[in-house]
There are 2 protein chains.
Amino acid sequence: MDTGKKPRHRPVDLVKREAILDAARDEFFTHGFAAASIETIAAVSGVSKVTIYNRFKTKETLFAAVVERQCTMMSAVFVAPDAPGTDLRQQLIAFGETMVDFLTQPHVMRFERRIGAEAELRPEVGELFLNAGPRRLRRELTALLESAVSKGTIRPCDCEMAAGHLYGLICGFDMFFARFSENGPDPHQLQQQVPDAVDRFLDAYGD
Amino acid sequence: MDTGKKPRHRPVDLVKREAILDAARDEFFTHGFAAASIETIAAVSGVSKVTIYNRFKTKETLFAAVVERQCTMMSAVFVAPDAPGTDLRQQLIAFGETMVDFLTQPHVMRFERRIGAEAELRPEVGELFLNAGPRRLRRELTALLESAVSKGTIRPCDCEMAAGHLYGLICGFDMFFARFSENGPDPHQLQQQVPDAVDRFLDAYGD
DNA sequence: TACATTATGAACGATTGCGTTCAATTATAC
DNA sequence: GTATAATTGAACGCAATCGTTCATAATGTA
């Protein structure tokens, strides 16, 4: 219960919290947890090191906070564009384009790369990420395909597997390659490949 | 020229070099370059720290040596099983199974995860990896499909894109998910999905 | 046995970085 | 203005680690 009773003292600066988390995100994702420097984070965010330790008990806590913020940010993105009325091909293309748009963002790619590495020693971080992003994505895509099956637009199949197939067709080698090169995939080029991928998917699964 | 002239002194212990590289691989890929400890590597490989510095000038040099060894190890694997005489479906299934077999090896997955992260600060490492593995893989798969096109087994198409499609169909979500969970993909299950993926590929590209 | 080189172990200097302490300053409510 | 809490800057203890030095031991050839 927030009694609205205002304390008679200096309030915490909420802007600073975001600044800290922003700087921490960059530092952690660029150098990794171990090599990240709290002092650098303090300097970049324009905040005293003590302030950071006042708000986040340890380096681990700060890292967890960063990951959590990124995860909620991610899960907010996946809203299935189940625009009824348009045909399946258009729906799948829209879905694919949204997905590609999202996945090719530099900061998303950096997030992915870093979580993959950190999960080596911190499995719970990997789980958090999976639940916030990939599993959600698969669930929604599967639901979309199940609805298509029930409408008879595509033939009956294991829709979860089909979702994986569509995802794979869209990404091809590109997302794989992009993880290891500084200049990620050309989002524009990947966009152009989406219709092709969807058409191959419909060749394979269409009625 | 190796004149066969034997030096009259204690020779270098070649076994130790491998031991060092093995320990270094584990340490680097588990903790990342920055957090890896040379002293741990020395202890695990049963070698003095000075010996390591005698053979590898710096930590960076040692890391580079590890990456290079892993890369040559990888490039040695990709021999296209272009068994002529078998039909395309069998050929693609064999290719897929070999690929899955290789990619799901725990030490290969750890290599991938770590290179992805390190490439953030060391692009040249990412390039090395790409040339040793993924690009080679794509080249061979593309060649296989081109030969299939010329034989009329599948219809004419952009074979490099088709190769990406086949790769994507085979991996689906699984390789993606596996990067973030401690228990990787069930290689057995992935194996079973290969024929399905190949059949969907042939649905889409078959003549 | 004498020699040449590799390998070891222990210690060192220098750096970095976490997390803490403390006195001083700032911002807000009353 | 005063009380209260947030924030700062500087300094500290402590541990880890890179890379080096050096005296000593081990291992091979001649």
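Letters A, B, ... mirror the listed sequences (proteins, then strands); counts begin at 1.
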How many whole angstroms separate atom [atom1] of [X] from atom [atom2] of [N]?
{"X": "Ile52(A)", "N": "dG17(C)", "atom1": "CD1", "atom2": "P", "answer": "14 Å"}
{"X": "Phe56(B)", "N": "dT6(C)", "atom1": "CZ", "atom2": "P", "answer": "15 Å"}
{"X": "Lys49(B)", "N": "dG19(D)", "atom1": "NZ", "atom2": "P", "answer": "9 Å"}
{"X": "Ile38(B)", "N": "dT16(C)", "atom1": "CD1", "atom2": "C1'", "answer": "16 Å"}
{"X": "Lys57(B)", "N": "dG19(D)", "atom1": "NZ", "atom2": "P", "answer": "9 Å"}
{"X": "Glu39(A)", "N": "dC12(D)", "atom1": "CD", "atom2": "P", "answer": "15 Å"}
{"X": "Lys59(B)", "N": "dG19(D)", "atom1": "NZ", "atom2": "P", "answer": "7 Å"}
{"X": "Leu14(A)", "N": "dA6(D)", "atom1": "CG", "atom2": "C1'", "answer": "12 Å"}

With a 4.0 Å cut-off on heavy atoms, is [X] in touch with a base, just the backbone sugar-phosphate, or nothing at all?
{"X": "Lys16(A)", "answer": "sugar-phosphate"}
{"X": "Ala42(B)", "answer": "nothing"}
{"X": "Ala35(B)", "answer": "nothing"}

I'd like to know if the side chain of Arg113(A) and the backbone of Arg179(A) have a donor-acceptor N/O pair within less than 3.5 Å. yes
Proximal nucleotide (of [options]) relative to the [X] side chain:
{"X": "Tyr53(B)", "options": "dG19(D), dA7(C), dG9(D)", "result": "dG19(D)"}
{"X": "Asn54(B)", "options": "dG19(C), dT17(D), dT8(C)", "result": "dT8(C)"}
{"X": "Arg55(A)", "options": "dA11(D), dT7(D), dT8(D)", "result": "dT7(D)"}

Here's a test of your reading of the structure: between Val50(B) and Thr51(A), which maps to the more 5' nucleotide of DNA chain D?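 The 5'-side residue here is Thr51(A).
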Dump the intermediate steps for side-chain hydrogen bond (donor to acceptor under 3.5 Å, both in side chains) on Asp174(B) and Gln189(B), then the final yes or no. CA-CA 10 Å; Asp174(B) 300 292; Gln189(B) 194 200 328; 4.9 Å; no
Can you establish whether the number of heavy atoms outside Arg17(B) located under 6.0 Å from its atom CZ is more than 12?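 Not buried by this count: 12 neighbours or fewer within 6.0 Å.
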Do the ring planes of Phe29(B) and Phe63(B) sit parallel (below 30°), tilted (30 to 60°) or perpendicular (above 60°)?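 Because their plane-to-plane angle is over 60°, the rings of Phe29(B) and Phe63(B) count as perpendicular.
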Between Phe176(A) and Phe180(A), what is the ring plane arrangement, given parallel below 30°, perpendicular above 60°, and tilted in between? perpendicular
